[in-house]
Amino acid sequence: MTNQDIAMILRNAAAAYTIIDEKKHLFQIVAYQKAYDSLIHLPIEVEDALSEGQKIPGIGPSIESHIKDLIKTGRSKHFDSILKHVPASVFPLLDVTTIGPKKAYKLVTALKLKDPETVIDDLIKACQGNKIATIATFGAKSQEDILRALEEYKLGKTKLNRMALPYAFELAKKVEEYLKKGPDVIKVFPLGSLRRMRDTVGDIDFAIATNTPEKVIDYFVKYPGIERVIEKGPTSSSMLVSGGRQVDLLVQDENSFGALLQHFTGSKYHNVALREYALKKGYSLSEKGAKLLKERGQPMKAFRTEEEFYKFLGMDWVPPEMRENRGEVEAALKHNLPKLIELKDVKGDLHIHSSFPIEPSHDMGNDSMEDMLKRAAELGYEYLGFSEHNPSTSNHTKSQVYSILARRKDKIEQIRKSIKNVHVINLLEVDILPYGDLAIDDKAFEYIDAAIVSIHSVFKTPKKEMTTRVLNGLSHPKARIFAHPSGRLINQREGYELDYDRIFEYCIKNNKAIEINAWPTRLDLTDQLVFEARKLGVKFVINTDAHATFQMDNMFYGVSVARRGWCEPKDILNTLPYEEFYKWLTS
DNA sequence: GCCGTTTTCGGCCCGACTGTTTTCAGTCG
């Protein structure tokens, strides 16, 4: 049973309780939803976490015992007894936007839809047959809305569908440019998971400071790429834009804009933690500001900036990337938040594919070493590491591999003489083969300073063997960096399975680094695992894996992953000056 | 059912928008 499977059972149990008796089960519902969220974001398998006695947020003794039943037997008496009160056809509808547990239940019971496999299509037919409008509390308009939601669901717009961060960035940029030109727009900020730099983003959220909200919202829904208005009120609005993506807008005056920024940046659980803390201090927080609870009629305390908002609570300002309720609230109260790494701290990029004709095992870079170095200088780097893929071993004899690498070494020596403003490091991205051998032999290693090692084949290897494979690959003295460790491609490919605890332990013990790969659809290692690894003391290198000069600008995505993992400069080896970094690399 | 920020017992965020209602329920973020 996967984390996802178990999470869905928790979500369904919460929905079932909502249907059965929401008031009676209010706090179990919240608890199950929290546990669901926690499992969805858990970077390792829940089975492993529990068997090692790891604490998972939102999972206490009761839920833990039910999960253990599920893992052991595939069933849980407890969840079965909750779920049996509700037709199974309710649950698929929960992924459809605008449909929650209550509506789903009303619909499937009123229409006698029993089959979870066909419930979506059955409901579409019911809408087309005008069967919804006659159900109590439904009407013609809600029938129309449900039909549209179902059709959009069929096209891929579900509650779970999220886009990779870089696509969200591109879309947000377009909308932001439009919004900035709006009437009476004082400030525009993209917020939500985009501002927190999550690897995937659901909706694109914006906040605008203005003194004429109606005008701004009218302007918002005239966006040229709009498909339809989802909702439109006096202070907020949502629209669907082409491509089926949702853009949300909140609007507020400048004087209380700080609270709005804070609110709309989230995350939900960060905000809940803040508000629960404030309640104990006697204040109720919202996007409007802070209200003193005991003195009714008192004006709302407004905040112009986020800094003022946090300061009011006795907290330091929390960088958006940290707002996931992973302990940042406590740290901000104690004034000991980490001083997170920033883009300007990065002094070099070590994973660069140039167009040097290395006749590689995989793809080649587009631009010359000289061009890549020119860009490195513009970015203010002290050093750049070339890490082309190793020469293909199926198309070359060993001696051909040596001679290619010898030519490459000569080329690098030559460049080192002519280009003095950036230090050049002679690396190579070497495949870890299915049984853990590296793709090139010891003699070939003599032509390079050190190697990045990574997996590019046979992804479906069982966890234990995959872990051994990686550790074998890393055991070579010149193998110093484990690149894109999970192999995942966002929305395209799940990563392979690894025993990360063993990998992290090995890296710490043997002075190896884990790469944070900044390739926009990789963002690998993932931020949750960076968070765990950093706590243990793992060191990282942030690399772009650039195959062209412009891709070297992706470094900020990698820095964001590191920031979400609470990394400070000391955790990231390529913040070291050249001499120190090179010393580590070749030690 | 979870959790520890005045708490191991007694709390549990807050508000906007829509549709079908004549005062509210449901969904969302």
Any A:K141 side-chain N or O less than 4.0 Å from OP1/OP2 of B:dG19: yes
Partners meeting salt bridge (charged side-chain N to carboxylate O under 4.0 Å, His left out) with A:R196 (sequence neighbours left out): A:E324
What does the list of N/O pairs under 3.5 Å between the protein and nucleotides 7-14 of chain B look like, with a distance for each?
unit_1: B:dT7; atom_1: O4; unit_2: A:K280; atom_2: NZ; d: 2.5
unit_1: B:dC12; atom_1: O3'; unit_2: A:E276; atom_2: OE2; d: 2.8
unit_1: B:dC13; atom_1: OP2; unit_2: A:E276; atom_2: OE2; d: 2.7
unit_1: B:dC13; atom_1: O2; unit_2: A:R275; atom_2: NH1; d: 2.5
unit_1: B:dC14; atom_1: OP1; unit_2: A:S284; atom_2: OG; d: 2.8
unit_1: B:dC14; atom_1: O4'; unit_2: A:R275; atom_2: NH1; d: 3.3

Side-chain N or O of A:S236 closer than 4.0 Å to phosphate OP1/OP2 of B:dC17: yes
Span that lies between the P atom of B:dG1 and that of B:dT6, in whole angstrom: 28 Å
Salt bridge present between A:D524 and A:R488 (N-O < 4.0 angstrom): no
Side-chain N,O (A:K232) to OP1/OP2 (B:dT18) below 4.0 Å: no
Whole-Å C1' distance, B:dC2 and B:dT8: 12 Å
Between B:dC2 (P) and A:Y269 (OH): distance, integer Å: 14 Å
G-U wobble or Watson-Crick pairing nucleotide for B:dA25 (cut-off 3.5 Å, both distances): B:dT18
Nearest-angstrom distance from the residue atom CD1 of A:I99 to P of B:dG19: 15 Å
Interatomic distance where OH belongs to A:Y277 and C1' belongs to B:dT6 [whole Å]: 10 Å
Span that lies between the P atom of B:dT21 and that of B:dT27, in whole angstrom: 16 Å
Nearest listed nucleotide, side chain of A:Q246, among B:dG26, B:dC17, B:dG29: B:dG29
Atom pair distance, as rounded to whole Å: CD1 in A:I19 and C1' in B:dT27: 14 Å
Basic-acidic side-chain contact under 4.0 Å: A:E176, A:K180: yes
First of A:Q143 and A:D248 reached from the 5' end of DNA chain B, by closest nucleotide: A:Q143
Per A:P234 side chain, nearest of listed nucleotides B:dC28, B:dC17, B:dG29: B:dC17
Whole-Å distance separating the CD atom of A:Q33 from the P atom of B:dC28: 11 Å
A:E321 bridged to A:R563 by N-O distance under 4.0 Å: yes
A:K288 vs B:dA16: side-chain N/O to OP1/OP2 distance below 4.0 Å: yes
5′-ward residue of the pair A:I217/A:F264 relative to DNA chain B: A:I217
Contacts of A:R493 that satisfy salt bridge (charged side-chain N to carboxylate O under 4.0 Å, His left out) - sequence neighbours left out: none
Neighbour count above 12 (heavy atom, 6.0 Å) for A:Y105 OH: no
Interatomic distance where CD belongs to A:Q28 and P belongs to B:dG1 [whole Å]: 5 Å
Syn/anti state of B:dT22 by chi, 90° boundary around 0: anti
Check against salt bridge (Lys or Arg N to Asp or Glu O under 4.0 Å), A:E342 and A:K339: CA-CA 9 Å; A:E342 295 176 33; A:K339 177 127 182 30; 3.7 Å; yes
Separation of atom CG in A:L10 from atom P in B:dC2, rounded to whole Å: 10 Å
Rounded distance in Å between the C1' positions of B:dT5 and B:dG11: 13 Å
Atom pairs, protein N/O to nucleotides 22-25 of chain B N/O, distance under 3.5 Å:
none

Rounded distance in Å between the P positions of B:dG10 and B:dG15: 27 Å
Phosphate contact (B:dC28 OP1 or OP2) by A:S238 side-chain N/O below 4.0 Å: no
Pairwise P distance, B:dA16 and B:dT20 [rounded to whole Å]: 22 Å
Whole-Å distance separating the CG atom of A:L250 from the C1' atom of B:dG29: 9 Å
C1'-based separation of B:dT23 from B:dT18 [nearest Å]: 15 Å
Polar contact flag, side-chain donor to acceptor under 3.5 angstrom, A:T200-A:R162: yes
Side-chain touch A:K68/A:E64, heavy atoms, less than 4.5 angstrom: yes
Show the atom names and distances, to 0.1 Å, of all donor-acceptor pairs under 3.5 Å that link a side chain in residues 117-128 of chain A to residues at least two apart or in another chain.
unit_1: A:T118; atom_1: OG1; unit_2: A:D122; atom_2: OD2; d: 2.7
unit_1: A:D121; atom_1: OD1; unit_2: A:K154; atom_2: NZ; d: 2.6

A:T265: side-chain hydrogen bond (donor to acceptor under 3.5 Å, both in side chains) partners, not counting sequence neighbours: A:R195
Gap in Å between the two C1' atoms, one belonging to B:dC13 and one to B:dG19, rounded: 25 Å
